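All values derive from a computational prediction rather than experimental measurement. Naming convention: chains lettered A, B, ... in sequence-line order (proteins, then strands); numbering from 1 in each chain.
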2 protein chains.
Amino acid sequence: MAYTIKDVAKKANVSIATVSRILNNQVGYTEETKRKVLKAIEELGYQPNAVARGLINKRTHTIGLLVPKLTSTFVTELLRGIEKVAHKAGSNVIVCHTETRGIKMMKYLQMLNEKRIDGLIFTSEVLKEEYYLYVKKMGIPMVLLSTQSDEYPVPYVKVNDRDAAYTATKYLIEKGHKEIGMLCGNKADLIAGIPRIKGFKDALNDHNIPVNENHIIFSDEFFFKMGLKA
Amino acid sequence: MAYTIKDVAKKANVSIATVSRILNNQVGYTEETKRKVLKAIEELGYQPNAVARGLINKRTHTIGLLVPKLTSTFVTELLRGIEKVAHKAGSNVIVCHTETRGIKMMKYLQMLNEKRIDGLIFTSEVLKEEYYLYVKKMGIPMVLLSTQSDEYPVPYVKVNDRDAAYTATKYLIEKGHKEIGMLCGNKADLIAGIPRIKGFKDALNDHNIPVNENHIIFSDEFFFKMGLKA
DNA sequence: TTGTAGGCGTTATCAC
DNA sequence: GTGATAACGCCTACAA
């Protein structure tokens with residue numbers, strides 16, 4: 001079994017209170033006692049128990065990341081970045097794949113709630129009322145990534161899909177291209193569909209280029225293969 | 001603040017012990033009291049605190065996953081599968097990117113240890129003595145994924161690289177091909193290099209085909225781009 | 001069937 | 001400067 005703060009205290013001939021102070025570098029002890037305690041910690045190979053700490057501090061230094069199919073390299077990059085920053089800040093990230101739309105989402109939120117995570121990152125899916133209310137009740141900060149919500153006041157980080165599509169299309173037009181095609185997500189997709197198509201068409205219209213619906217190819221999945229096929 | 005078992009007990013007019021029993025569906029209560037308690041739980045929207053539970057049960061239902069650069073779609077697939085199974089079993093997975101070889105590894109192991117994770121999956125890197133000893137001291141089960149260790153008795157799951165390369169090469173040979181090239185990892189790589197090259201050469205030799213070293217192209221990174229370039 | 005009380009490993013508030 | 005001691009939220013003998 002792992003050593004506890006009690007073992008350290010005993011070995012260093014001090015009270016657990018003192019050990020705790022040193023561990024959290026607060027004030028109230030001699031350099032001498034500090035050395036003693038540090039030595040005991042070293043010799044025992046003692047590691048504080050984050051679970052116990054979490055119980056009293058009400059912080060677990062853990063954040064939850066809800067992502068859809070992780071197959072897309074885009075989401076993978078997001079995870080990389082998030083985990084990197086979290087680690088630098090002394091936190092870990094629990095990854096949850098909410099594949100089958102909605103079904104597992106509530107289950108995940110529940111698990112994360114029980115684990116008392118410090119915050120939540122919600123990626124790429126539409127924030128349903130049920131989710132929003134639940135997280136609100138959890139009382140932890142949440143941020144949307146690569147999505148946004150018109151209905152609920154939740155901070156988000158994402159690219160403006162309509163504008164991005166507009167800019168991309170405009171760029172090609174200004175390069176002199178006339179026949180421009182578009183590969184996009186599902187026609188009804190609130191994120192990868194509608195806004196991007198709008199940007200695409202807007203750009204064409206603004207440059208007096210007729211829109212050929214056949215030049216827009218839809219796909220439901222964001223696998224590399226799908227893009228290739230399209 | 002979230003409700004505790006105490007709130008439930010009070011609302012249901014029972015002791016916390018009874019609530020606990022019902023929560024963990026043990027025996028020792030009437031159907032009647034069970035109904036009462038369940039009703040109180042429902043009304044309060046009570047969710048047990050996994051942190052407190054972890055402290056006493058010594059199980060956190062959390063496992064750690066150490067992966068190298070997650071850019072590779074292979075690793076991404078692994079994560080997907082692992083998370084899926086873990087979730088089904090009621091656990092969560094904390095993902096850690098051990099990018100800069102070794103530097104961050106010990107730091108991660110330490111964090112995971114403090115969080116008292118239940119188990120560890122170690123992916124794609126060589127298991128150094130330092131890591132092995134540390135995890136052994138943690139006293140939790142570990143399994144190697146896509147690696148193996150000759151020095152330490154750690155269970156592993158991986159494809160046999162030498163055999164796989166041999167089989168692939170043999171397949172091409174039997175298809176009638178004579179000029180076979182190979183794209184592989186770093187020449188000295190203990191996983192993606194040496195064994196696969198051996199399999200490749202063995203197959204050629206066994207079929208009396210001369211080995212042309214120029215037909216083996218090495219690469220250090222496993223990005224898609226790198227493969228393309230090669 | 002039910003409740004009381006001690007303990008899990010820490011932190012924090014008191015005294016001394 | 002230092003040490004008891006009461007929480008934190010839950011589980012579990014032990015009683016009743």
Side-chain angles (χ1 to χ4, degrees), chain A residues 1-38 40-41 44-62 90 110-111 113-118 138-139, chain B residues 1-38 40-41 44-62 110-118 138-139:
Chain A
M1 203 65 273
Y3 291 111
T4 76
I5 201 175
K6 228 170 179 171
D7 301 311
V8 176
K10 192 182 299 176
K11 189 174 180 79
N13 269 316
V14 296
S15 72
I16 61 174
T18 297
V19 177
S20 179
R21 287 194 196 93
I22 294 175
L23 240 35
N24 301 295
N25 52 80
Q26 301 176 146
V27 292
Y29 45 83
T30 332
E31 268 303 313
E32 169 59 15
T33 56
K34 178 175 180 180
R35 241 193 311 280
K36 270 197 314 189
V37 170
L38 253 31
I41 289 178
L44 255 36
Y46 163 78
Q47 300 278 144
N49 184 329
V51 180
R53 280 181 157 172
L55 182 57
I56 191 163
N57 290 329
K58 278 137 178 26
R59 284 198 64 191
T60 52
H61 293 281
T62 306
Q110 199 172 311
M111 291 181 80
N113 179 29
E114 294 187 359
K115 290 225 166 115
R116 301 298 193 258
I117 58 170
D118 296 337
M138 283 174 70
Chain B
M1 202 66 274
Y3 291 109
T4 75
I5 200 175
K6 225 170 181 171
D7 301 312
V8 176
K10 192 182 298 176
K11 190 174 180 80
N13 270 317
V14 296
S15 73
I16 61 174
T18 299
V19 177
S20 178
R21 287 193 197 94
I22 294 175
L23 239 34
N24 302 296
N25 52 80
Q26 300 175 146
V27 292
Y29 45 83
T30 332
E31 268 304 312
E32 169 59 15
T33 55
K34 178 174 179 181
R35 241 195 310 281
K36 270 197 314 190
V37 171
L38 253 32
I41 289 178
L44 255 35
Y46 163 78
Q47 299 278 144
N49 184 329
V51 180
R53 279 181 155 173
L55 183 57
I56 190 164
N57 290 330
K58 277 132 180 30
R59 283 198 65 190
T60 53
H61 292 280
T62 306
Q110 200 172 309
M111 291 181 79
L112 294 175
N113 181 28
E114 294 187 358
K115 291 225 165 117
R116 300 298 192 261
I117 58 170
D118 296 337
M138 284 173 69

Tell me what [X] touches on the nucleic acid: a base, only sugar-phosphate, or nothing, going by heavy atoms under 4.0 Å.
{"X": "B/Y46", "value": "sugar-phosphate"}
{"X": "B/L23", "value": "nothing"}
{"X": "B/V51", "value": "nothing"}

Grab the [atom1]-[atom2] distance between [X] and [N] for me, whole Å please.
{"X": "A/R59", "N": "C/dG9", "atom1": "CZ", "atom2": "P", "result": "23 Å"}
{"X": "A/D7", "N": "C/dG9", "atom1": "CG", "atom2": "C1'", "result": "11 Å"}
{"X": "A/M1", "N": "C/dG7", "atom1": "CE", "atom2": "C1'", "result": "15 Å"}
{"X": "A/Q47", "N": "C/dT10", "atom1": "CD", "atom2": "P", "result": "11 Å"}
{"X": "B/N57", "N": "C/dG9", "atom1": "CG", "atom2": "P", "result": "12 Å"}
{"X": "A/I22", "N": "C/dT10", "atom1": "CD1", "atom2": "P", "result": "14 Å"}
{"X": "A/I56", "N": "C/dC8", "atom1": "CD1", "atom2": "P", "result": "15 Å"}
{"X": "B/L55", "N": "C/dG7", "atom1": "CG", "atom2": "C1'", "result": "9 Å"}

So which protein N/O to nucleotides 14-16 of chain C N/O distances come out below 3.5 Å?
none

Is there a side chain to side chain contact (heavy atoms under 4.5 Å, CB included) between A/D118 and A/H61 once you walk through the steps? CA-CA 6 Å; A/D118 296 337; A/H61 293 281; 4.3 Å; yes
Can you find a side chain N or O atom of A/T4 that sits less than 4.0 Å from OP1 or OP2 on C/dG9? no
When you check the phosphate oxygens OP1 and OP2 of C/dT10, does a side-chain N or O of A/K6 lie under 4.0 Å from one of them? no
[atom2] on [Y] to [atom1] on [X], rounded to 0.5 Å:
{"X": "A/K34", "Y": "A/T18", "atom1": "NZ", "atom2": "OG1", "value": "13.5 Å"}
{"X": "B/K115", "Y": "A/T62", "atom1": "NZ", "atom2": "OG1", "value": "3.0 Å"}
{"X": "A/R116", "Y": "A/L55", "atom1": "CZ", "atom2": "CG", "value": "10.0 Å"}
{"X": "B/R53", "Y": "B/I56", "atom1": "CZ", "atom2": "CD1", "value": "11.0 Å"}

Those residues of residues 24-32 of chain A lying under 4.0 Å from DNA chain C by at least one heavy atom: A/N24, A/Q26
Side-chain touch B/I22/B/V19, heavy atoms, less than 4.5 angstrom: no
Donor-acceptor contacts, no H, no angles, side chain residues 1-14 of chain B, under 3.5 Å, sequence neighbours left out:
residue : atom : partner : partner atom : Å
B/T4    : OG1  : B/K6    : N            : 3.0
B/D7    : OD2  : B/T4    : N            : 2.7
B/K11   : NZ   : B/E43   : OE1          : 3.4

Go through the structure and list residues passing side chain to side chain donor-acceptor pair (under 3.5 Å) with B/K36, not counting sequence neighbours. none
Can you give me every donor-acceptor pair (side chain of residues 45-52 of chain A, partner residue at least two apart or in another chain, under 3.5 Å) with its distance?
residue : atom : partner : partner atom : Å
A/Q47   : NE2  : B/E114  : OE2          : 3.3
A/N49   : OD1  : A/V51   : N            : 2.7
A/N49   : OD1  : A/A52   : N            : 3.2

Span of DNA chain D, from the first to the last nucleotide whose atoms fall under 4.0 Å of chain A heavy atoms: D/dG1 to D/dG9
Comparing B/T33 and A/A52 on DNA chain C - which has the more 5′ nearest nucleotide: B/T33
Smallest separation among heavy atoms of B/T30 and B/T33, with atom names: O-OG1, 2.9 Å
